[in-house]
Protein chains: 2
Amino acid sequence: MATALQRRPGPVNKPSAASPSAALRAGKPAANPSPPLRASKLDHILACATRVFCEKGYEGASIRDIARRSRVSLAGLYYYVASKEELLYLIQKHSFTTLRARAEEQLVSAPGNPEARLRLFIGNHLSFFLQHPEAMKVLSHESESLTAPYAQEVTELKRSYYRLCRNLLEELKREKGLKALNTRLAVLSLFGMMNWIYTWYNPKVDPEADALAAQMARLFFEGVLAAANGRGRK
Amino acid sequence: MATALQRRPGPVNKPSAASPSAALRAGKPAANPSPPLRASKLDHILACATRVFCEKGYEGASIRDIARRSRVSLAGLYYYVASKEELLYLIQKHSFTTLRARAEEQLVSAPGNPEARLRLFIGNHLSFFLQHPEAMKVLSHESESLTAPYAQEVTELKRSYYRLCRNLLEELKREKGLKALNTRLAVLSLFGMMNWIYTWYNPKVDPEADALAAQMARLFFEGVLAAANGRGRK
DNA sequence: ATACCTATCGAACGTTCGTTCAGTTTATAA
DNA sequence: TTATAAACTGAACGAACGTTCGATAGGTAT
């Protein structure tokens, strides 16, 4: 999971120690502390950091907030992570990777019909969104908070995910002969609909993921299919 | 323009001085400095603050950044504004107020047809968005950054703007008998499409405001009109 | 001249920030 | 038991933060 990027930037002045996260993920949890934490403490820290970033924003959150929330000492955090920025990077990378992996997983075992495949994509995006609201808010809201070396890799992931969706729409365009369809604009509008959800979704009022996906998909498809041909109304 | 809220919160320990911004806006620019700034220095400061908040985010931006950008000394800023938060508040309030005012202005002198009126609303939102991209990004991105007393007033503005749009859609629903239409979901999806633009819009690649509005409106209407009746496809 | 506002600023206040370091404890291996 | 490395921490570092204060000009009114 850790690429060359993981240890390149940042100070990390003790080159003797191998990547601690790698050491942790390997079988040996080593020490004494309470059983619940042993398995993978980095994951625990990342989960806490996600919630803190979600609540206060990346810049507004302090490392001390995260240390308090995860019940690790301030200095202890730096045993697992090189910097505050790396925390955000790991969160975004992990979220995007699993989001895209799920989408691809659903698509390989799916019908060839472009419209059905797009529906799957939308359903996957929204169900993931509502299953991990904090992570998705951090993904949506802090997309500009990473700098030089970290930002590139996440941007790459984002682009490939966007491309996946746009390719599906372009298949649909070909199949249905929608000459006038601006696929870039349509896909970005679709992402706008979906990613904006974190600003308004209220589980007490709004439908669950499946129904939400169905409604948004219907709105999107009827719009795309009807509007992209002649301008005539229904 | 300044309501009771303007001077209530924050320290402002010199009760003798009247609201400086009010004093400024009144006819007397008073002093010596270069002609271009005299007219309304607060507006100049707000414009600079908007750009800084847009570039670095509210939490990531420092008062010193804004002072440097507006060529006012650090302490000088506090002659015009009580706090950093008031800067954001004034920006958001001003943007929302003029956005809503424009929309209402367009709607009073418009045809009674609900669909045409909604098209006007969308066109107004997008043209304002692309005319003031920095301000709209600050509006979209920093909607959670204000706290107790300030946040309420801006939330109120936002709600009334949202209500304006939703009422238009409910008129359409009634007119066309769209029994199955969830207007809350539809309106929030529309705002999602529109407000997400700040994350991707590129003037070199993407259409201008009018064309953009036309395309998004078409996508939205065809989707709403076709999808809200029976589930049948075209 | 005197008094009084408006507008402005340099310098500092106290606090919080991300990060570091020297040191301690704990678990494993010899 | 002793040596070694992993896991962890209290205390501090320097820098940056939002904000305040005392002082200083210039303009206007008396």
Side-chain angles (χ1 to χ4, degrees), chain A residues 9-34 37-42 44-45 49 52 56-68 70-88 145 147, chain B residues 9-34 37-42 44-45 49 52 56-68 70-88 145 147:
Chain A
V12 187
N13 46 5
K14 292 182 289 182
S16 66
S19 166
S21 61
L24 238 206
R25 288 181 194 286
K28 304 183 179 181
N32 60 332
S34 59
L37 302 185
R38 282 187 312 176
S40 182
K41 200 159 178 182
L42 210 219
H44 168 70
I45 290 171
V52 173
K56 318 181 81 162
Y58 173 71
E59 299 279 1
S62 76
I63 295 270
R64 285 165 177 83
D65 291 328
I66 296 164
R68 205 176 306 121
S70 57
R71 301 172 142 287
V72 178
S73 74
L74 182 58
L77 277 181
Y78 285 87
Y79 181 76
Y80 293 93
V81 170
S83 65
K84 183 187 178 187
E85 195 178 4
E86 195 184 76
L87 272 174
L88 180 59
S145 302
T147 64
Chain B
V12 187
N13 46 7
K14 293 182 290 182
S16 66
S19 165
S21 62
L24 239 205
R25 287 180 194 286
K28 303 186 179 180
N32 57 336
S34 59
L37 302 184
R38 281 186 313 178
S40 181
K41 199 160 179 180
L42 177 55
H44 168 71
I45 290 171
V52 173
K56 317 181 81 164
Y58 173 71
E59 299 278 3
S62 76
I63 294 270
R64 284 165 177 84
D65 291 328
I66 295 164
R68 205 176 306 123
S70 56
R71 301 175 142 286
V72 178
S73 74
L74 183 58
L77 275 182
Y78 285 87
Y79 181 78
Y80 293 93
V81 171
S83 65
K84 184 188 177 186
E85 196 177 2
E86 195 184 76
L87 272 174
L88 180 59
S145 302
T147 64

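Within every chain, numbering begins at 1; the chains are lettered A, B, ... in the order of the sequence lines, protein sequences first and strands thereafter.
- For A:Ser83, counting side-chain heavy atoms from C-beta on, the closest listed nucleotide (C:dT19, D:dC17, C:dT20) is C:dT19.
- Between B:Glu59 and B:Lys84, the shortest heavy-atom distance links the atoms O-NZ, 3.8 Å.
- The overall bend of the helix from C:dA1-D:dT30 to C:dA30-D:dT1, read as the angle between its terminal helix axes built from five base pairs each, is 20° when rounded to 10 degrees.
- For B:Ser73, the side chain to side chain donor-acceptor pair (under 3.5 Å) criterion is met by no residue, not counting sequence neighbours.
- Atoms OH (B:Tyr78) and C1' (C:dT6) sit 20 Å apart, rounded to a whole Å.
- Heavy atoms of B:Ala67 sit nowhere under 4.0 angstrom from any nucleic acid atom.
- Spacing between atom CG of B:Leu42 and atom C1' of C:dT6 amounts to 15 Å, rounded to whole angstrom units.
- Atom-to-atom, CZ of B:Arg64 to C1' of D:dT19 comes out at 9 Å; the value is rounded to the nearest Å.
- Between A:His44 atom NE2 and D:dA7 atom P there is a gap of 16 Å when expressed in whole angstrom units.
- For the pair B:Tyr79 and C:dT8, the criterion of a side-chain N or O lying under 4.0 Å from OP1 or OP2 is not met.
- Rounded to whole Å, the distance from CD1 on B:Ile45 to C1' on C:dT8 is 11 Å.
- Both A:Leu74 and A:Leu77 lie close to DNA chain D; mapped to their nearest nucleotides by heavy-atom distance, the more 5′-ward contact belongs to A:Leu77.
- Annotation: the span from B:Ile63 atom CD1 to B:Leu74 atom CG amounts to 7.5 Å, rounded to 0.5 Å.
- Rounded to an integer number of Å, the gap from CD of A:Glu59 to C1' of C:dC17 is 11 Å.
- Distance CD1 (B:Ile66) to P (D:dA16): 17 Å, rounded to an integer number of Å.
- Closest approach of B:Asp65 to B:Gly60, counting heavy atoms only: OD2-O, 4.4 Å.
- In this structure, B:Tyr80 reaches the C:dT8 phosphate: one of its side-chain N or O atoms is under 4.0 Å from OP1 or OP2.
- When every heavy atom of A:Val72 is checked against every heavy atom of A:Lys41, the shortest pair comes out as CG2-CE, 3.8 Å.
- Between A:Ser62 and C:dC17 there is a side-chain polar atom (N or O) within less than 4.0 angstrom of OP1 or OP2.
- Rounded to whole angstrom, the span from the CG atom of A:Asp65 across to the P atom of C:dC17 amounts to 7 Å.
- By the salt bridge (charged side-chain N to carboxylate O under 4.0 Å, His left out) test, B:Arg64 is found to be paired with no residue, residues two or more places apart in sequence or in another chain being considered.
- In the set C:dG18, C:dA12, C:dA7, C:dG18 carries the atom at the smallest distance from any side-chain atom of A:Lys84.
- The shortest heavy-atom contact between B:Ser145 and B:Tyr58 is CB-CD2, 3.8 Å.
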